[in-house]
Amino acid sequence: MELSTYECQEGTPKSKYIPLDVMSDYSMGESIARIPDLVKKAKALNMKSLALTDRSLSGVIEFYLLCKHNNIKPIIGQKIALKNNEVNLLCKDLDAYKILCKYSLEFQKANNCPGTLTELQISKDEASHFICTTLCADSKLQDLFGQNFYRQIDFSVLKAQPDAIEKVDSSKCIITNPVRFIEKEDYDALWAMKLYLNHSDEKSPEHYFIDDSEILPFLEKINGLELLENLNHLEEEISFIFPEDYFTTSQAHKRISESLPDFDDSEETFRKLAYDEFEKRKSEFKDINKAKARLEYEVNDIISHKWEKIFLLHQELVSWGAQNGIEHGPGRGNAPGSLVSYLLGITDINPLDYGLLYQRFVNPNRLCYPDFDIDYDYDRLGEIVDHLKEKYGNENLLRIITFSRLKNWQAFEIAGKYLNYSDKEIKQIAKIIQNINNGYYPQVSLSKLLDSNSNIYDSVSQKDAPKVQEFVSDKRNKKLITIVQALENIKKNTGLHASGYIVTKSPSCQFVPVLKDEKSGFLYSEYTFDILEYAGLYKNDLLGLKQLTKLKQISDEIAKNTKSDFDYKSIPLDDKSTIQAFAKGKTSDIFQFESSGMKKTLKLFKPESLSDLVLLNALYRPGTMDYLPIVIDNKKSGNLENPFQCDNLLDESYGILVYQEQIMQIVEKIAGYTLGEADMLRRVFGKKRIEDLLFNKKDFIERAVKKGIVTGSQASEIFDILLAFAGNAFNKSHALAYTLIAYWEMYMKVHYPREYKRGDKDNR
C-alpha cells in the first residue's frame, strides 16, 4: 500500500473543528469520498484528528496508516443502524477494535436490514472501550455508555434551526457535519451515484467537508462554542488505538505466525518431515552433499522466521488431495525454487536439477513470507475447500472481499445520464475513452485525458484524439467533467477473491472483521488481500486449473486401457518424439503453446529439450518477444558470447538474459553478493528509482572490483546491461512449472493418441 504525503500551506492555523461523522466510498451508495482525498483535505486544513465511521471496517487500516503518515490522529469508528436510531461507535483503544471485529456479523445484518437490531447487544464492560455518538436522544444508550455518550448536533440542521440549541443540554453535545463528499460542488456526483445504484434516500447537499471558516463564526453567533469544546474534549479521550509498531512488517508477520492453525510441536514435526523425505529420496540427487546443505539452509531459515506452519498446512492439503485422487500442479510462481517444498510434495520440481533459487521464493534479506499459489484439479477444487472447512471449522475459514471501481468511461456514462446528455453523445465519447484505457495498464486517469500535452494522445488515432480533447475542453461539459472527476475510481460493488482463502486457528473474527456471503455461506474478510498482511493473516491461493482435470482424465484412461499404474508425473522428460512434436508446431491443444504465433516460433526455433521449451514459454510474452529472433539466430550459429564473464550461466538461454534467477546468479558471481542481496538488487532494477540505482551502482562496482573478476568499467557496463534487461526478466520457476504441464500433455498426445483425444474432448 503506497502512503502519499500531503501538504499544508505554511501559516495555516491549527483547525479547531474535528470531523467525527465521516463515511468514505467503502460505504457504497452513501459516500463518494475516497480515503486519500479525506486525509488530503484534513491535512490542507491543518486538522489534528480525523474520524472514519463507515458501515464496515474495510477502510480502517488504509485510513489509519495514511493518517499516521501525515501526522493526523486517526479516530476509528463504525456506524451502526438501530431500529429507531443510528450510532457511531468510536474506538478508545485496541480492545474496542477487537470488539467491533467480534460483532462484525451482527452489525452487518443491522446495517443491511435496518430495523432488525433493536439495541446494541454489548456488555457494560465492552461499552467502556467506546465513545458513542448519536443524533437522537436514547436513554438506553446513555445508561450503557455513561460518560462516554454524546449527542450529535448536525451543523446543517442547526443552521436551519439555530434556536434548537436552547432545547438541549449542550454539556454532553458535540457539533458535527456528516461528510459524504469533499467539496460543495461534488454533491451532484454523489446524487448521480445514488441514482445509478438505486439509492433513493433523502438529499443531503450540506454533507461536505466543512472547516473552521464556516463553523466558528456561526457557533460564536449563537453562543454555541461549548459544542466545539466538547468535541475537542472527546478527541482528547481517544489515543492511537494500535501500538506504535503494530503495522510494521515484523510485527504483522509475527501475528501471521500466531494466527495460523497449530500443529503438534510444529518446528520438530516440520524438521523431521523434511529430513525423513530427504532420506527416502536421496537417490534423486546428483550431488548429495550439495542437496543436504541446501536442505539444512532452507529448514533453518524457515524455522527462524516461524513459517513452518505454512509449509505444514499446504503439505497436509496436497497430501489429503493426493489420497483422494485430486491432482495438484507441479508448482506456480516462485515456490518451485524451494527444495523443502519439493520434498514435502507441495511442488513436483527438484530445484537443484534446474538452477532454481530458494531466495527468489523466500528472501532472508527482506521480511517476506512463503507465498504459495497452488493449482488443483479444476473440477475438484471445491472438495479441497470443503476439506479445509471440515478440518479447521467454518468459522476459521475465510474468503476475501474485493471491490470493483468505476472506470472513468463508466463515470462519463453515469454523469451524462444524470445531466440528461443524449445517449448517442455520451456513449460516443465513453467508447473512445474506453478504447484508450484498454491500451494501458494501469488505466489512464482523467487528469491525463484533460492534459492536451499528455503522451497518451500519441497512441490514439488521429480521428479520436481531437474528439476527446474537444469534448473535455468544451465549457459546456464543465459540470460533467467535474462529476466524472469526483466519481472516477470510487468503489461501486463487492465480490469475493477468486482464489484467496485464510485459515485461522480460532474463529476468524478474533483477528479481523468478517462478513457472511448468504449465497455460499462463506465468511469473508472485510479487508482486501493487500491489507490482510498488515492485519496479520496469511492468504492461501488455491486455484482450479482445467489442464489438471484433463491430465487426470487422460492418465486414468491410459491406466485403464493398459492395465498399468500409469503416472504422467513419472514420464521421461527427454523423450525425443515429444520434443519433435513441439518442434513441428503440433500444439493447437497444448497448454501455453496453443497460439498461432507460438506455433510459428516453435517451427523456427526447433526446440531440442525441455529447457528449450521453458525458454520459449518465458520469452513468448509482451516485452520479450523482440528477443526471439536473436535467440533463434544464436541457437543456429552457436554464438553464446556474453559480457558477464560468467561461463555457462546464459547457455540455456543462448547468450540472452531471460530469467530473474540469472540476474541473481550473475550478481552473486561478479560482485560477491549473497543470493538474498542479489534478489534485493534485482528488485531495485525493477523499480528504477534513480537515487536507489545510483547508490546501488556505486556499491556494485566497488564489490565487483574487490571480487577481482572484472574491472570497474566492466562492472559499470554489466550493471547497465542488467538494468536494461531486468524489467523484462521472467521467473524461471513459473515458466518451468507451466511448461512441464504442457510437456505432460504432449507426451500423452504423442504416445497415447486415442486416450488423449478422448480426455481432451471431455475438457473442451
Side-chain angles (χ1 to χ4, degrees), residues 4 6-7 23-25 28-41 44 179-197 199 203-210 403-493:
S4 299
Y6 302 119
E7 299 298 327
M23 297 175 81
S24 75
D25 64 332
M28 289 164 288
E30 295 189 75
S31 172
I32 58 167
R34 309 172 192 87
I35 284 176
D37 294 336
L38 288 166
V39 178
K40 185 177 182 180
K41 182 73 172 179
V179 178
R180 306 295 182 260
F181 49 98
I182 306 293
E183 307 295 344
K184 281 185 180 181
E185 58 267 27
D186 292 338
Y187 171 68
D188 281 309
L190 174 62
W191 196 246
M193 192 64 187
K194 283 179 177 290
L195 294 176
Y196 170 70
L197 294 174
H199 281 250
K203 292 190 175 184
S204 49
E206 299 294 326
H207 290 175
Y208 57 91
F209 203 124
I210 65 168
F403 292 93
S404 58
R405 299 168 181 265
L406 274 185
K407 310 290 191 299
N408 50 29
W409 59 268
Q410 293 172 317
F412 267 94
E413 292 182 341
I414 292 170
K417 184 176 182 180
Y418 177 74
L419 295 175
N420 296 316
Y421 278 68
S422 71
D423 284 349
K424 181 179 179 182
E425 182 179 16
I426 203 68
K427 284 182 178 179
Q428 183 182 42
I429 191 67
K431 184 65 175 176
I432 293 171
I433 292 169
Q434 183 181 6
N435 289 339
I436 294 172
N437 272 308
N438 287 342
Y440 291 87
Y441 182 81
Q443 294 195 328
V444 178
S445 66
L446 184 60
S447 60
K448 286 191 175 181
L449 285 173
L450 294 173
D451 180 4
S452 59
N453 297 316
S454 173
N455 59 9
I456 67 166
Y457 287 109
D458 297 338
S459 305
V460 182
S461 74
Q462 294 299 310
K463 182 179 71 172
D464 287 344
K467 289 181 181 178
V468 175
Q469 292 174 330
E470 181 183 354
F471 188 92
V472 299
S473 60
D474 190 335
K475 291 182 180 179
R476 182 179 70 91
N477 300 321
K478 183 179 179 181
K479 189 169 186 177
L480 181 136
I481 296 297
T482 299
I483 292 175
V484 173
Q485 285 178 307
L487 293 182
E488 179 183 35
N489 208 37
I490 71 162
K491 299 166 189 70
K492 63 174 183 175
N493 54 41

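- Between the CZ atom of R180 and the OH atom of Y187 there is a distance of 13.0 Å, given to the nearest 0.5 Å.
- Under the salt bridge (charged side-chain N to carboxylate O under 4.0 Å, His left out) criterion, K40 pairs with no residue at all, not counting sequence neighbours.
- Judged as a side chain to side chain donor-acceptor pair (under 3.5 Å), the pairs with a partner in residues 414-426 (not counting sequence neighbours) are, in order, D188-Y418, Y421-N477, E425-R476.
- Atom CD1 of I481 sits about 14.5 Å away from atom NZ of K475, to the nearest 0.5 Å.
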D474/E470 under side-chain contact (heavy atoms from CB on, under 4.5 Å): CA gap, chis, key distance, verdict: CA-CA 6 Å; D474 190 335; E470 181 183 354; 5.6 Å; no
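- Here the CE atom belonging to M23 is positioned 10.5 Å from the CE atom belonging to M28, to the nearest 0.5 angstrom.
- The side-chain hydrogen bond (donor to acceptor under 3.5 Å, both in side chains) check on N493 picks up S404, with sequence neighbours excluded.
- A donor-acceptor distance shorter than 3.5 angstrom exists from the side chain of S31 to the backbone of A33, with no hydrogens or angles considered.
- Contact between Y208 and I182 at its shortest, heavy atoms only, is CB-O, 3.6 Å.
- Residues E413 and Y196 have side chains not in contact (no heavy-atom distance under 4.5 Å, counting atoms from C-beta outward).
- When all heavy atoms of Q410 and K492 are compared, the pair lying nearest together is NE2-NZ, 3.1 Å.
- Nearest heavy-atom pair, A430 versus F412, reported as atom, atom and distance to 0.1 Å: CB-CB, 4.5 Å.
- Residues forming a side chain to side chain contact (heavy atoms under 4.5 Å, CB included) with A189 (at least two apart in sequence, or on another chain): I32, I483, A486, L487.
- Looking only at side-chain heavy atoms (C-beta outward), D186 and E183 come within less than 4.5 Å of each other.
- Across all non-hydrogen atoms, the minimal contact from M193 to L406 is SD-CD1, 3.7 Å.
- Among residues two or more places apart in sequence or in another chain, the side-chain hydrogen bond (donor to acceptor under 3.5 Å, both in side chains) test is passed with E488 by N408.
- For F209, the ring pair (Phe, Tyr, Trp, His ring centres under 6.0 Å) criterion is met by no residue, not counting sequence neighbours.
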side-chain contact (heavy atoms from CB on, under 4.5 Å) between L480 and I426, intermediate numbers included: CA-CA 10 Å; L480 181 136; I426 203 68; 3.7 Å; yes
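- Taking D25 as the reference, K491 meet the side-chain hydrogen bond (donor to acceptor under 3.5 Å, both in side chains) condition, with sequence neighbours excluded.
- Annotation for I414 and A192: closest pair CG2-O, 3.7 Å, computed over non-hydrogen atoms.
- E185 pairs by the salt bridge (charged side-chain N to carboxylate O under 4.0 Å, His left out) definition with nothing, not counting sequence neighbours.
- Among residues two or more places apart in sequence or in another chain, the salt bridge (charged side-chain N to carboxylate O under 4.0 Å, His left out) test is passed with D37 by R34.
- Atom CH2 of residue W409 and atom CG of residue N435 lie 10.0 Å apart, to the nearest 0.5 angstrom.
- Taking both residues in full, the closest heavy atoms of F181 and P205 are given as CZ-O, 3.5 Å, listed atom of the first, atom of the second, then distance.
- Among residues two or more places apart in sequence or in another chain, the side-chain hydrogen bond (donor to acceptor under 3.5 Å, both in side chains) test is passed with S24 by D54.
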